Structure formats: structure tokens, C-alpha cells
Protein chains: 2
Amino acid sequence: MNKKITIQEIATMAGVAKSTVSRYLNNGYVSKEKAALIDKVITQTGYKSNFFARRLKTKNSKLIGIVMPRLDSFSASKLLAGFNSILQKEDYQVLILVSDLQIDKEIANIRQLIQQGVDGIIVQSIAITKEHLSIVKNAPIPILFTGQSHPDTTYLKVNDIKAGHIMGEYIASLNHKNVAYLGVSPLDIAVGVDRYKGFADTFLSIIPDGKIHFIETDFNFDTAYKKGNEVLFYKPTAVICATDNIALGLLRYLHEKNIKVPQDISLTGFGGYPYSKVSYPSLTTISFDYKYLGAKTAEKLLSMLHGNAVQSEFDNNMVLLTQESTRKI
Amino acid sequence: MNKKITIQEIATMAGVAKSTVSRYLNNGYVSKEKAALIDKVITQTGYKSNFFARRLKTKNSKLIGIVMPRLDSFSASKLLAGFNSILQKEDYQVLILVSDLQIDKEIANIRQLIQQGVDGIIVQSIAITKEHLSIVKNAPIPILFTGQSHPDTTYLKVNDIKAGHIMGEYIASLNHKNVAYLGVSPLDIAVGVDRYKGFADTFLSIIPDGKIHFIETDFNFDTAYKKGNEVLFYKPTAVICATDNIALGLLRYLHEKNIKVPQDISLTGFGGYPYSKVSYPSLTTISFDYKYLGAKTAEKLLSMLHGNAVQSEFDNNMVLLTQESTRKI
DNA sequence: CTGTTAGCGCATTCAT
DNA sequence: ATGAATGCGCTAACAG
């Protein structure tokens with residue numbers, strides 16, 4: 001067990017006042033000789049200033065709170081890596097709270113983080129409620145949203161409408177007319193509404209006599225699998241799925257029914273998850289760079305911290321990954 | 001902006017001394033009337049005690065440090081989810097530092113966490129050096145390792161030898177005699193040495209005239225892909241890959257060479273990553289439950305925190321997932 | 001340039 | 001049961 005050594009002790013060991021040591025530590029003016037003395041004692045004792053005492057004085061914690069709906073998903077891990085890549089570089093530390101996909105827990109987490117004195121918060125929200133808005137309004141620190149957007153908050157998120165738009169253009173260019181869209185609940189504005197709307201508007205504007213059969217599912221592989229029967233009922237030539245995971249669930253179903261992709265049906269996803277490359281056939285998808293998005297988000301929060309006015313925005317960094325699962329008809 | 005309200009303010013508002021408020025907050029004895037008064041003021045002001053001041057006094061931070069080599073991997077995200085599931089429940093918060101797969105950064109991170117006054121640390125290590133040992137020995141707090149093991153530390157990790165053993169038995173049972181092992185550097189004791197040794201010892205003990213061609217690669221999909229040529233040189237009937245990711249890289253190569261799995265070559269991985277189920281063919285693998293492992297690890301750290309003697313151990317929670325990529329010859 | 005002093009907000013003696 | 005006083009370890013005036 002290391003005895004905890006304080007600034008006072010190293011001060012006496014170096015034969016100076018503790019304020020001098022403090023100055024030395026905080027880029028204050030200290031004479032060369034004293035500095036050398038202090039430096040020596042510090043290195044040989046391995047002294048480190050007490051985190052909590054320092055924070056108590058200085059008011060800024062160098063802590064960033066992160067609220068995530070869950071940790072064990074592809075996008076979550078990439079986002080986190082992105083946040084961390086720039087936060088850690090700027091000497092900020094990251095305090096992560098998980099909401100388990102529960103909206104009330106998300107709110108409680110934000111509250112807790114504020115109370116704890118973090119310098120700023122990034123919230124990957126599942127839905128922005130009035131309560132969120134009220135918290136943000138009264139919060140003494142900047143709060144940045146991602147995942148969902150709302151005009152009264154500052155956010156940085158994937159441009160789901162644009163993603164849908166790109167997909168709509170692509171599917172139209174392949175001459176599909178009767179398609180199915182395997183989407184999620186409209187309670188999820190980003191994925192459930194925007195992504196679908198982006199697709200549908202574009203697709204129908206290019207193919208006026210096109211037909212889109214919307215089928216609702218959730219984010220689970222297995223649920224998508226179970227919707228296979230319903231999808232086939234409409235005899236679509238292409239199925240657009242709201243996420244790669246959904247697409248893979250359906251692909252499994254099609255495999256088992258011996259329906260060939262893309263010969264019989266074209267299939268697409270959204271996300272650019274790693275499995276989209278290794279599935280058979282590989283999956284045409286819109287790939288989002290979540291790590292990059294995470295880094296951008298962290299940068300944005302930092303500039304909010306520095307008092308710069310920042311505006312909400314959509315990240316347009318996405319690419320249509322045309323792979324083997326789609327074909328022209 | 002919320003003005004930060006202190007214990008003193010609510011004390012005067014309630015007409016009592018701040019020590020009384022403090023007692024109220026910390027289960028001390030307070031008369032019913034005063035308690036009611038204080039309670040009222042607290043709820044109406046939404047007062048929360050200052051995190052840093054409290055920590056400065058009480059010495060325990062309710063913070064657990066986590067050191068990870070990287071965040072954006074399947075196992076990392078599952079582990080994190082596991083850590084968090086039990087830590088958050090016990091009112092601990094999690095401070096995460098990333099080492100970017102660099103050993104010196106890993107050590108620096110551990111040091112930083114100790115200095116910051118966390119109550120305990122979980123390190124997913126990439127290699128345990130003498131420096132690690134020295135830190136642990138002098139640390140005033142418990143440090144628990146996962147990922148790698150060393151007799152002089154406390155650890156909880158996957159039993160790689162057993163995993164290799166299971167795979168060895170399985171491959172032997174399929175009558176393969178000439179196999180290739182696509183593994184990683186022996187600098188990684190867990191995956192590079194133990195996993196391979198577990199396989200090789202078991203396989204050769206069952207098939208004494210068996211032949212194992214070891215080919216070294218790294219953890220990347222692309223590198224494994226590039227090793228395809230070398231693997232085929234030995235004309236193996238089965239290829240055992242040290243991770244699912246490696247297996248998928250090779251699978252991609254085999255696809256392109258039009259070599260059928262499992263008809264021409266059987267293929268296996270380790271990990272039980274989600275893609276092992278959606279690849280074509282689906283991949284036979286040893287599946288580890290990383291989330292469960294993370295939860296167990298967190299529990300172990302907690303009991304170390306409570307001063308209980310805990311011993312290093314291997315987690316034997318794994319299952320052979322026999323899927324489509326292997327066959328008997 | 002440096003030492004002395006005064007809090008930051010809280011928990012905890014110690015009296016009462 | 002409660003109030004007054006002390007100090008956790010540190011930074012930031014303030015004199016010198």
C-alpha cells in the first residue's frame with residue numbers, strides 16, 4: 001500500500017512552500033533552482049496531485065459524461081471509440097452511464113451526470129422528450145445530442161433522410177417498382193421516420209407508379225426473420241431494410257426458403273456493419289462512419305465547452321456500398 | 001444556468017446547522033421535525049451534494065477505472081456491457097481509458113487511474129510485464145486483470161487452453177489429420193500460446209500421426225485473407241483459426257478461389273462473434289460469453305473491494321458451436 | 001519570484 | 001439531538 005503523499009509533504013521535502021509547488025505544477029513562475037528541487041522530489045516520490053481536491057478548487061472537472069442506450073452494439077462501440085479518441089487526447093476523461101434503452105433511465109442518467117459536476121454531456125438519445133428539453137434548458141453545462149434530433153437541442157447525427165434518399169435513388173435506378181420496406185416503429189424519429197421517408201419520397205418521385213409495402217419490425221435479427229413470410233406475401237423484387245441487422249435476419253429466412261439473393265430478390269440494409277461484408281451474398285448498404293461521427297461529436301462538445309456558438313447539424317458522411325445483394329431488373 | 005447550491009445554503013434555509021443537514025444526508029440521527037424541514041428544502045431546491053467535496057472527505061470515490069486496449073471490438077463492447085451491468089447496479093461509476101493496443105499506454109493508464117483515486121481497476125491487458133507487477137504490488141487499490149493472466153496477479157479470463165482443447169477434440173473426431181492453424185504471435189500468451197497449445201496438445205494426443213502447419217497472422221481480416229495462399233500450400237483438410245475474424249478473412253479468400261467450405265476444407269474460429277452465424281457457410285467456433293465474463297469480473301473486483309480474498313481463475317463458460325463450416329472426412 | 005492566508009463543500013469530531 | 005469547529009488537499013489571491 002502506497003501512503004498517499006500530499007502537496008504539503010513534497011513542499012517540505014523540497015524546502016519550499018506548498019504554493020510554490022502548486023505554481024510549479026500549474027505553469028506558474030518558479031525559479032530554476034526551486035523548480036529543479038521540486039522536480040526532483042516529485043519524480044522520486046511519484047507524487048500526483050489529488051484529483052478531487054483539485055476539482056473542488058478549480059470547478060472544472062475535465063470529465064465528460066456519456067449517456068448511451070446500450071454498450072454492446074456495433075454503432076455504440078464505434079461511437080465510443082470516436083468520442084474517446086479526441087476526448088482522451090484533450091485530457092478529458094469519460095464517465096459512461098447506460099440507459100438500457102429506457103427513456104426514464106436516460107433522463108436520470110443525464111441528471112446524475114450534471115449533479116456530479118461533469119463539464120459536458122453527450123447523450124445518444126432514443127427519443128427526445130419535453131423533459132429532456134427542460135433539463136437542457138436549466139443545465140449549467142453543455143449537452144449535445146446524437147442519435148436523435150430536436151430543433152430545441154444541439155445535436156449532431158447521421159442524416160437519415162439523406163441516407164434514405166440515396167437508397168431511394170439507387171433502388172429506382174435498378175428499375176424496381178414493387179418493393180417492400182422492412183422498417184421500425186415511427187416512435188424512433190431517426191430510423192423509423194426519417195430514414196423511411198427519405199427513401200419513400202425519393203423512390204416515388206422517380207418511379208411514380210412504384211409501390212412500397214411497409215412492414216414494421218424491431219431491431220432484432222430474429223424478429224426480422226419472422227417477418228419473412230409477410231414480406232414475401234407482397235412479392236417484392238427488392239426489400240429495403242432499415243438496418244443491416246434486419247436485412248441479415250431476412251436473408252437468413254430467404255436462404256432457408258431457397259430464394260436467391262439477388263437473383264430472385266434484391267436486398268439492402270443501412271449501417272455498413274462489418275457483417276455486411278462477410279455475409280453471403282455481401283450486402284448492399286449505406287455505410288455510416290460511426291467512429292468518425294463520434295470524433296466529430298466530441299469535437300463539437302469541446303467547442304461548446306469553449307463557449308463557441310455551435311449549431312445543430314447532420315453528418316453527411318455516408319457512402320452507398322453496392323455489394324452483391326442487389327441487381328438491376 | 002443553475003446556481004450551484006451548497007449544503008450551507010440549504011442549512012440556513014431550513015434553519016439548522018449544516019452539520020445537521022450532513023447528518024440527515026448520511027443516515028445520522030436527526031429529529032423527525034428537523035428531518036421534515038430539511039427534506040422539504042432539499043426537494044424543492046433539488047439540492048445534490050458536491051461530488052468532489054464529498055470524495056475529498058470520504059476517500060472512497062465510488063469510481064472504478066477500466067483500462068481497455070480498444071473500444072471498437074465485439075469482445076470489448078460485450079465486456080464493457082458486462083462490467084457496467086453490475087457496477088452501475090452497485091452505484092459505482094466507470095472511468096474508461098483506452099490504451100490503443102500499446103503496452104506503455106496501458107501502464108500509463110493504470111498509473112493515472114490510481115492517481116485519480118478510483119476505488120479499483122479492471123485491466124484488459126494485452127501483456128502483463130514486470131512493470132505491471134510492480135504497479136500492482138505497490139497499488140493502494142485492487143487491480144484485476146482480464147484478457148491475460150500471470151501467476152503474480154489476480155485475474156479472471158477465458159480459459160484459452162480449454163478452448164483449444166475442445167477444438168482439438170472436435171477436429172480429431174472429424175478424422176482430420178493434416179490441418180493448418182492460422183494463429184497469432186506468441187507474444188500474446190492467451191491467444192497466441194495457450195489457445196494454440198490447447199489445440200495442438202489435444203489434437204496430437206488423439207491423432208499421433210497428425211500434422212499441424214502453423215501459420216502466423218495478426219488479428220486483422222485482411223491479413224488473414226492474404227495468408228490464404230500460404231495456407232493452401234500445405235493442402236490441409238481443415239484450417240483452425242485463432243479467431244472468428246481470422247477465419248472470415250480466410251473464408252473470403254477461399255470463396256474467391258472457389259474452394260468450397262466445408263466440402264473441400266473445413267474451417268473453424270474462436271469467439272462466437274455475431275458474424276459467425278450469418279456468414280456463408282456459418283462458422284463452427286468456440287463461443288465465449290464476454291458479457292457474462294464482464295459481469296463476473298466486475299463482481300470479483302467488488303469482492304476484492306470488500307476485502308475478501310479472491311483467487312485468480314479461468315472462466316470455463318464456453319460452448320462449441322458446430323455450424324456449417326466443418327465436416328467429417 | 002515566493003511564502004502566508006484563505007477558502008472550495010463537505011463529513012466528522014467535539015462539546016453542548 | 002444538534003451546533004461549532006476542524007481539516008480533507010488543493011489553488012488563488014495577497015503581500016512581500
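What you see is a predicted model, and the numbers here were worked out from it, not measured in a lab. Sequence lines set the chain letters: A, B, ... in the order given, protein chains first and strands last, and positions in each chain run from 1.
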Side chains of residues 303-312 of chain A: which donor-acceptor pairs under 3.5 Å do they make with residues two or more places apart or in other chains?
| from | atom 1 | to | atom 2 | distance (Å) |
| --- | --- | --- | --- | --- |
| A:Ser303 | OG | A:Lys300 | O | 3.0 |
| A:Ser312 | OG | A:Thr153 | O | 2.8 |
| A:Ser312 | OG | A:Tyr155 | N | 3.1 |

Can I get a per-line list of side-chain donor-acceptor pairs under 3.5 Å for residues 113-120 of chain A, giving both atom names and the distance, sequence neighbours left out?
| from | atom 1 | to | atom 2 | distance (Å) |
| --- | --- | --- | --- | --- |
| A:Gln115 | NE2 | B:Ser49 | O | 2.5 |
| A:Gln116 | OE1 | A:Gln112 | NE2 | 3.4 |
| A:Gln116 | OE1 | B:Gln93 | NE2 | 2.8 |
| A:Gln116 | NE2 | B:Gln93 | OE1 | 2.7 |
| A:Asp119 | OD1 | A:Ser61 | N | 2.9 |
| A:Asp119 | OD1 | A:Ser61 | OG | 3.1 |
| A:Asp119 | OD2 | A:Ser61 | N | 3.3 |
| A:Asp119 | OD2 | A:Lys62 | N | 2.7 |

- prompt: Who are the side-chain hydrogen bond (donor to acceptor under 3.5 Å, both in side chains) partners of A:Asn84, not counting sequence neighbours?
  reply: A:Gln88
- request: Can you check each nucleotide of nucleotides 8-16 of chain D against protein heavy atoms at under 4.0 Å and return B for base, S for sugar-phosphate only, - for none, in 5' to 3' order?
  value: BBBBBB---
message: Which residues pass the salt bridge (charged side-chain N to carboxylate O under 4.0 Å, His left out) test with B:Lys18, not counting sequence neighbours?
response: none
task: State which residues pass side chain to side chain contact (heavy atoms under 4.5 Å, CB included) with A:Asp104; sequence neighbours excluded, sorted by chain then number.
output: A:Gln102
- prompt: Taking atom types as modelled and ignoring hydrogens, do the side chains of A:Arg54 and A:Asn26 form a donor-acceptor contact shorter than 3.5 angstrom?
  reply: yes
Contacts of A:Lys34 that satisfy side chain to side chain contact (heavy atoms under 4.5 Å, CB included) - sequence neighbours left out: A:Val16, A:Val30, A:Ser31
task: Identify, with sequence neighbours excluded, every residue that meets ring pair (Phe, Tyr, Trp, His ring centres under 6.0 Å) alongside A:Phe74.
output: A:Tyr273
query: What are the bounds, 5' to 3', of the part of DNA chain C that sits under 4.0 Å from heavy atoms of chain A?
result: C:dC1 to C:dG9
- line: Hits for side chain to side chain contact (heavy atoms under 4.5 Å, CB included) against A:Asp289, two or more places apart or cross-chain, chain-then-number order -> A:Lys291, A:Tyr292, A:Asn317
task: Determine to 10° how strongly the helix from C:dC1-D:dG16 to C:dT16-D:dA1 is bent, judged from the axes of its five-pair ends.
output: 40°
field: Sequence neighbours excluded, every pair satisfying ring-ring contact (aromatic ring centres under 6.0 Å, His included) that has a member inside residues 10-51 of chain A
entry: none
